[in-house]
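All values below come from the heavy atoms of this structure, side chains included, with hydrogens, waters and symmetry mates left out.
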Amino acid sequence: MSLRRVRQYCAGGPGSGPAMRTFRYERAESVSGAVALLAEAPQGAFLGGGTNLVDLMKLDVARPDLLVDVRRLVSDRIEELPDGGVRIGAGTSNSECAADPLVRQRYPMVSQALLSGASGQLRNLATTAGNLLQRTRCPYFQNVTTACNKREPGTGCSAIEGHHRDLAVLGTSPECVATHPSDLAVALAALDATVRTDGPGGERVVPMTELHRLPGPEPQRDTVLQHGELITAIDLPPLPFAARSHFRKVRDRASYAFALVAVAAALDLADGVVRDVRIALGGVAHKPWRAYRAEELLRGGPADEELFRQAAEAEFADARPLTGNAFKVPLARNTMVATLLDLAGGPR
């Protein structure tokens, strides 16, 4: 049995009149029940905190005919795993995750990423899984009167010839130059976290670095998740040097703004040499961008500004900025260097 209601909301994007949309609301009693409900509703969606989905419904960008409430079904606990890692329940609020002692001590970049995003009120409501599944804040995606391949495939990308200052410089395609907005996803990608899911095909584990997709010819597909596949938890691996990590976010204003550029980095040093390193970037691509090329150059080298700068330049060698966001390339390189210097304890 499940709680079932029929509800309405008023939707209307910029330049359009308001429209009343009707949808079913159901609260399942188990994860398997929630998955089964959504499997029967191709236009349905899971509802966690709703901080992104409800906004998109009001803008008439999202038009689900069924919402399955999963907030009470998935764990809201943070617990240590037998191997020394940490499991974050998908229903954990962003505020609880940011304040958790295990997270703050072992993975400070995660706490810093969460505290850099949204207001305290939104962090109290937003869930860990919902944070990862946010949709882009590209202004053309959010405006139903404009062409957008992500919102309506085949209509074109208005951003390429329009306002694209905040958009991607890495991994873009002719169909889309949108960026992924989650700060938390950047930190988790740097840490090699894994995402646990349950869906029509059963349970599976997805590496965080593979959860989100680059746009390619299908920008409407944000992730590799199938319809009806529910995130149940996120596992952080045991990584002792992650205690020496930092998340730096560059934005237009100091509060409640999305990243122009973000860097999540962890550094393992021994006698002034980079023994190991993890780096991921936000605000520059359609997904959290793991800086594998930079990491490879850094390992085994001296922890100094010259090498840090060489690594940053190598990572952005294939950047394809547009006229209005070319400034992001040097900004991202400099932010990466500054973050690594801070972790190495060197001059800025």
Side-chain angles (χ1 to χ4, degrees), residues 2-7 9 11 21-75 89-91 126-136 138 141-142 144 148-155 175-176 178 180-182 185 194-234 286-288:
S2 64
L3 175 66
R4 176 179 298 180
R5 295 174 182 168
V6 177
R7 296 182 174 180
Y9 63 97
R21 304 283 185 193
T22 299
F23 66 95
R24 287 169 35 229
Y25 168 90
E26 301 219 18
R27 187 185 299 163
E29 295 182 347
S30 65
V31 169
S32 61
V35 169
L37 281 169
L38 212 61
E40 299 174 356
Q43 303 305 315
F46 291 126
L47 177 68
T51 54
N52 183 219
L53 176 60
V54 173
D55 282 346
L56 294 178
M57 291 169 66
K58 291 178 180 178
L59 291 170
D60 212 23
V61 173
R63 301 176 182 177
D65 55 10
L66 169 66
L67 292 183
V68 179
D69 192 332
V70 297
R71 184 66 183 258
R72 296 170 179 83
L73 299 182
V74 292
S75 172
T127 63
T128 301
N131 187 305
L132 303 184
L133 298 179
Q134 292 177 79
R135 306 214 67 190
T136 183
C138 174
F141 173 75
Q142 295 183 313
V144 296
C148 172
N149 287 320
K150 177 174 281 295
R151 177 171 31 79
E152 192 175 350
T155 59
E175 281 69 39
C176 185
H180 191 268
S182 171
T194 54
V195 178
R196 306 184 71 86
T197 72
D198 199 343
E203 298 180 357
R204 68 167 173 156
V205 177
V206 181
M208 185 63 211
T209 52
E210 298 176 15
L211 176 66
H212 299 95
R213 300 176 64 258
L214 291 177
E218 296 181 291
Q220 72 275 16
R221 293 182 55 215
D222 291 343
T223 73
V224 299
L225 300 183
Q226 302 300 311
H227 180 73
E229 190 170 5
L230 177 67
I231 294 177
T232 57
I234 293 90
H286 196 258
K287 61 179 288 184

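- Heavy atoms only, all atoms of each residue included: Leu73 and Ser30 are closest at CD1-O, 3.3 Å.
- The CZ atom of Arg196 sits 7.0 Å away from atom CD of Glu203, with the distance rounded to the nearest 0.5 Å.
- Side-chain contact between Leu59 and Phe141 is absent, with no heavy-atom pair separated by less than 4.5 Å.
- Side-chain contact between Ile231 and Thr128: absent, with no pair of heavy atoms (C-beta onward) separated by less than 4.5 Å.
- A 4.5 Å side-chain heavy-atom check between Val74 and Thr127 finds every atom pair outside the cut-off.
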Item to complete: List the steps, then state whether side chain to side chain contact (heavy atoms under 4.5 Å, CB included) holds for Leu225 with Arg204.
Response: CA-CA 10 Å; Leu225 300 183; Arg204 68 167 173 156; 4.2 Å; yes
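- Here the closest heavy-atom approach between residue His227 and residue Leu38 is recorded as NE2-O, 3.1 Å.
- Looking at every heavy atom in both residues, Phe46 comes nearest to Val70 through CD2-CG1, 3.5 Å.
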Discussion item. Between Val206 and Thr223, is the side chain to side chain contact (heavy atoms under 4.5 Å, CB included) condition met? List the steps.
Written reply: CA-CA 11 Å; Val206 181; Thr223 73; over 6 Å; no
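- Among all heavy-atom pairs drawn from Asp65 and Ala41, the shortest one is OD1-CB, 4.3 Å.
- Put simply, CZ on Arg151 and OG1 on Thr136 are 11.5 Å apart, with the number rounded to the nearest 0.5 Å.
- Residues Glu210 and Val224 have side chains not in contact (no heavy-atom distance under 4.5 Å, counting atoms from C-beta outward).
- When the shell of 6.0 Å around CD of Gln220 is examined, it contains more than 12 heavy atoms from other residues, nucleotides or ligands.
- The distance from the NZ atom of Lys287 to the CG atom of Leu214 is 5.5 Å, given to the nearest 0.5 Å.
- In this structure, OG1 in Thr197 is found 9.5 Å from CD in Gln226, a value given to the nearest 0.5 Å.
- Residue Cys138 comes nearest to Ala178 through the heavy atom pair CB-CB, 4.3 Å, listed as atom of the first residue, atom of the second, then distance.
- Side-chain contact between Glu26 and Leu66 is present, with heavy atoms from C-beta onward closer than 4.5 Å.
- The OG atom of Ser182 sits 3.5 Å away from atom CG of Asn131, with the distance rounded to the nearest 0.5 Å.
- Rounded to the nearest 0.5 angstrom, His286 NE2 and Arg221 CZ are separated by 11.0 Å.
- Ser75 has its side chain out of reach of Thr232: every pair of non-hydrogen atoms, C-beta onward, lies at least 4.5 Å apart.
- Residues Asp55 and Gln142 have side chains not in contact (no heavy-atom distance under 4.5 Å, counting atoms from C-beta outward).
- Heavy atoms only, all atoms of each residue included: Pro181 and Gln134 are closest at CG-CB, 3.7 Å.
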Practice prompt. Verify side chain to side chain contact (heavy atoms under 4.5 Å, CB included) between Val68 and Leu230, making sure each step is shown before the conclusion.
Written response: CA-CA 11 Å; Val68 179; Leu230 177 67; over 6 Å; no
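- When the options His180, His212, Arg213, Lys150 are evaluated for a side-chain hydrogen bond (donor to acceptor under 3.5 Å, both in side chains) with Asp222, the one that passes is Lys150.
- Using a 4.5 Å heavy-atom cutoff, the side chains of Met57 and Arg21 are not in contact.
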